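Values in this document were obtained by computation on a predicted structure and should not be read as measured data. In what follows, every chain begins at residue 1, and chains take the letters A, B, ... in the order their sequences are listed.
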Number of protein chains: 2
Amino acid sequence: MRKTRTPPTDEGVAAARLAHCKAALVRENRRVTSYDVALVAGVSQSAVSRCFKPGASVSPSMHARVMAAATGLDYIPNAAARSLITRRSNMVAVVLCHVSSLYHPEALAELSRQLARRGKRVLLFTVQHEADVEQVLGDIWEYQVDGAIIAAPLSNEQVQEFERRRLPLVVFNRNVRDRTVSSVLCDQYETGRLLATRLAGAGHRQFGIVAGPEGSALASERRAGACDRLQELGLPAPVVVPGQFDYASGGSGLREIIGTLGRVPDAVLCGNDVMALGCLDTARHALRIDVPRAMSVVAFDAVEPASWLSCDVTTLRQPMHNMALAAADLLTSMIESQGSHLPEKRVFAPQLVEGSTARLAPIRDTWLAA
Amino acid sequence: MRKTRTPPTDEGVAAARLAHCKAALVRENRRVTSYDVALVAGVSQSAVSRCFKPGASVSPSMHARVMAAATGLDYIPNAAARSLITRRSNMVAVVLCHVSSLYHPEALAELSRQLARRGKRVLLFTVQHEADVEQVLGDIWEYQVDGAIIAAPLSNEQVQEFERRRLPLVVFNRNVRDRTVSSVLCDQYETGRLLATRLAGAGHRQFGIVAGPEGSALASERRAGACDRLQELGLPAPVVVPGQFDYASGGSGLREIIGTLGRVPDAVLCGNDVMALGCLDTARHALRIDVPRAMSVVAFDAVEPASWLSCDVTTLRQPMHNMALAAADLLTSMIESQGSHLPEKRVFAPQLVEGSTARLAPIRDTWLAA
DNA sequence: TTGTACGCGTTATCAT
DNA sequence: ATGATAACGCGTACAA
């Protein structure tokens, strides 16, 4: 232990500078900047910038000094300032309507996850109705996002504005007419066909359909698919009754079908799971129909929650995980390629969830096997 | 109609400048800036800035000229550049874990809506498990958000880091121990007490509880509330059996309770709706118990989807809409007040959904009436 | 490898 | 009411 005053070490100098700098920051009420870090580390500001850029050419000693100073100051690079110069915000706009976020909560979570692993964050825009997209477009331009994933129908003009601004766009689970635009979707028409095929293959001949209310484009595509396929197979036309997408509609729909038909149908297709549950309960407990032996009940489209609230309904589900992954991939490559990426549609087949409420023929459709 | 060459009008000049500017933008591959607008409108750049600032002092003619030029150029102010100088990004970080986004999808949608009407957008961060929050904190600092709403438990150090960075924080639906931090939550203990009170008041004496798996802090608080209240009322201790939060657990749990008790209990409390549905189906269809006359079945906590997949279970629901509104309000005022806002807890009472699976005493609890 | 100097697009301050 | 000028915090040519 020497008693003499030790000469100022590098650490000592840095520590003094750090304290001085911290005091100044508080006094002037400023944020910590790369310039402050440079001051404390005794290097230039651009050196600090390089140290935070992965793959930059920096000597180990420089890196160590800068990182020490940065840690001491709690320095984090400012993403806003960076995006100003790089023209990349690393943010992606995701537009959802209120309802679809309720019915398909896993879609957003999965989009967020997939985008995060590609270094992008989700800037969320929600609208009450799908038609309200126009209201958020202005905000989207303003926030300088690198691209957008939109789960709502877009008008021709709206798509055009994305092109004009050269903003990568992926439309999620909606059809866009008369325009070539990148999109990810699930083939609803095929969903209907598939179900009809599998049920017909198992010997069902007379079908009943509890449809949803008019206005749902996706739902009516599914119904058309089923009806077309039944006709192709030479089976009798199904009895179609309307429903309100609620539990009660399922039971009353079934009774109505039986009334019209004069007998119990071989199979009932319900527009969603809620109606399928209602139909199922009425059939089993009120009408004492042996499901699935005397009658099959299937839902056209399952929301994810149906699997945990499950009563084991046979149903078709949109492969949201794959769709989210595809959307993230598609958008990312559009962003990376700076617009040279041509519009691309990725269409997914629905996923059959074989519950215990229907008899199905074994798999023959090659698409399903894929 | 004069045949002579007309002198250049203001509109003519502006149109020419617009065309010239547009060409330059494409040639130099630049973005449209306020400077371009100024050039076309023939005014200064700061004038353009003022025209886009609500409540600034600008003459009508100036406003008109600038807006015309801006529209012609598709100009939108750049939020990143603005936030650099104003130190306001108008973005709020929302951190969710994957699971809660599935069970309470309406929470995020409502948060987004409420924040939007206050001029803030949601920058979404999702984590697989609640313990992974640490991973996204770095990103939160980087993106210069104005505040954060976090639906995950935070450690003492993590809360401290928010304070150090003076970043407004609201913890959503989680308890934070040993720290005064603003939070919005639903009183789980009271949820349990309330249910016990209302059922006891209707004459139920012997209770059974199908609990969830260990590890859910919220669920065990609810159970404790129910048990404490039953003891206070001098009723026999409930039979508690474990469950896995799935449909099957409800039925097997009920059978186990009956086995232990040697008779059918007066009321069964299930840890969530899925188990309540399972319990209900087993009771009604397999054991032929008259619900609710011979036995009441209630769920402790309902997720929103239970209402559409509803089998009309009597249950308690967390008032997510109110909670989201409160969180948005709380965070906004913390942001506006620049940190002078003291930490504040907002605790909500659970909301009783009176289905048809239980007999309940009339309302006496003053809190419920509120 | 490191430092200098400039620009990204805006708002804010201060004259006029 | 309007215009000149200085920040905001960073990335990146370019020179050394």
Side-chain angles (χ1 to χ4, degrees), chain A residues 21 24-25 28-66 69-70 73-90 141-146 165, chain B residues 21 24-25 28-67 69-70 73-91 141-146 165:
Chain A
C21 185
L25 283 168
E28 300 165 29
N29 191 26
R30 293 188 301 111
R31 297 178 178 182
V32 187
T33 74
S34 57
Y35 186 77
D36 297 311
V37 176
L39 216 61
V40 170
V43 299
S44 76
Q45 178 266 329
S46 50
V48 176
S49 175
R50 273 192 290 265
C51 286
F52 280 88
K53 179 180 177 171
S57 62
V58 191
S59 70
S61 73
M62 163 74 85
H63 188 85
R65 294 182 62 173
V66 168
L73 287 168
D74 280 331
Y75 169 75
I76 298 273
N78 182 324
R82 176 195 326 212
S83 80
L84 207 53
I85 186 125
T86 61
R87 299 186 171 188
R88 278 278 163 88
S89 64
N90 291 327
W141 316 140
E142 196 174 330
Y143 277 91
Q144 311 296 121
V145 294
D146 297 338
R165 297 183 183 270
Chain B
C21 185
L25 282 168
E28 300 165 30
N29 191 28
R30 292 188 300 110
R31 297 178 179 181
V32 187
T33 73
S34 57
Y35 187 78
D36 297 312
V37 178
L39 216 62
V40 170
V43 300
S44 76
Q45 180 269 335
S46 40
V48 176
S49 177
R50 272 192 293 266
C51 286
F52 280 88
K53 177 179 177 170
S57 62
V58 192
S59 72
S61 73
M62 164 72 85
H63 189 85
R65 293 184 62 175
V66 167
M67 285 310 169
L73 287 168
D74 280 330
Y75 169 76
I76 298 274
N78 183 324
R82 172 187 322 180
S83 78
L84 206 54
I85 185 103
T86 60
R87 300 186 172 188
R88 278 278 164 89
S89 63
N90 291 327
M91 298 192 300
W141 315 141
E142 197 173 328
Y143 277 90
Q144 310 296 121
V145 294
D146 296 339
R165 298 182 181 271

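At least one side-chain nitrogen or oxygen of B:S57 sits closer than 4.0 Å to the OP1 or OP2 atom of D:dA1.
Put simply, CD on B:Q144 is 11 Å from C1' on D:dC10, counting in whole angstrom units. Rounded to an integer number of Å, the gap from B:L39 CG to D:dG3 P is 13 Å.
Counting heavy-atom neighbours within 6.0 Å of A:F52 CZ, excluding the residue itself, gives a total above 12.
Judged by distance alone, with hydrogens and angles left aside, the side-chain atoms of A:S34 form no donor-acceptor pair with the main-chain N or O of A:S49 at under 3.5 Å.
For the residue pair A:R87 and B:N29, the shortest heavy atom distance occurs at NH1-O, 3.1 Å. Closest of all the heavy-atom pairs between B:V66 and B:A41 is CA-CB, 4.2 Å.
Residues A:R165 and B:I76 meet the side-chain proximity criterion, which asks for heavy atoms closer than 4.5 Å.
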Report summary line: A correct 5'-to-3' footprint of nucleotides 5-16 of chain C, with B, S and - meaning base, sugar-phosphate only and no protein heavy atom under 4.0 Å, is B-BBBBBB----

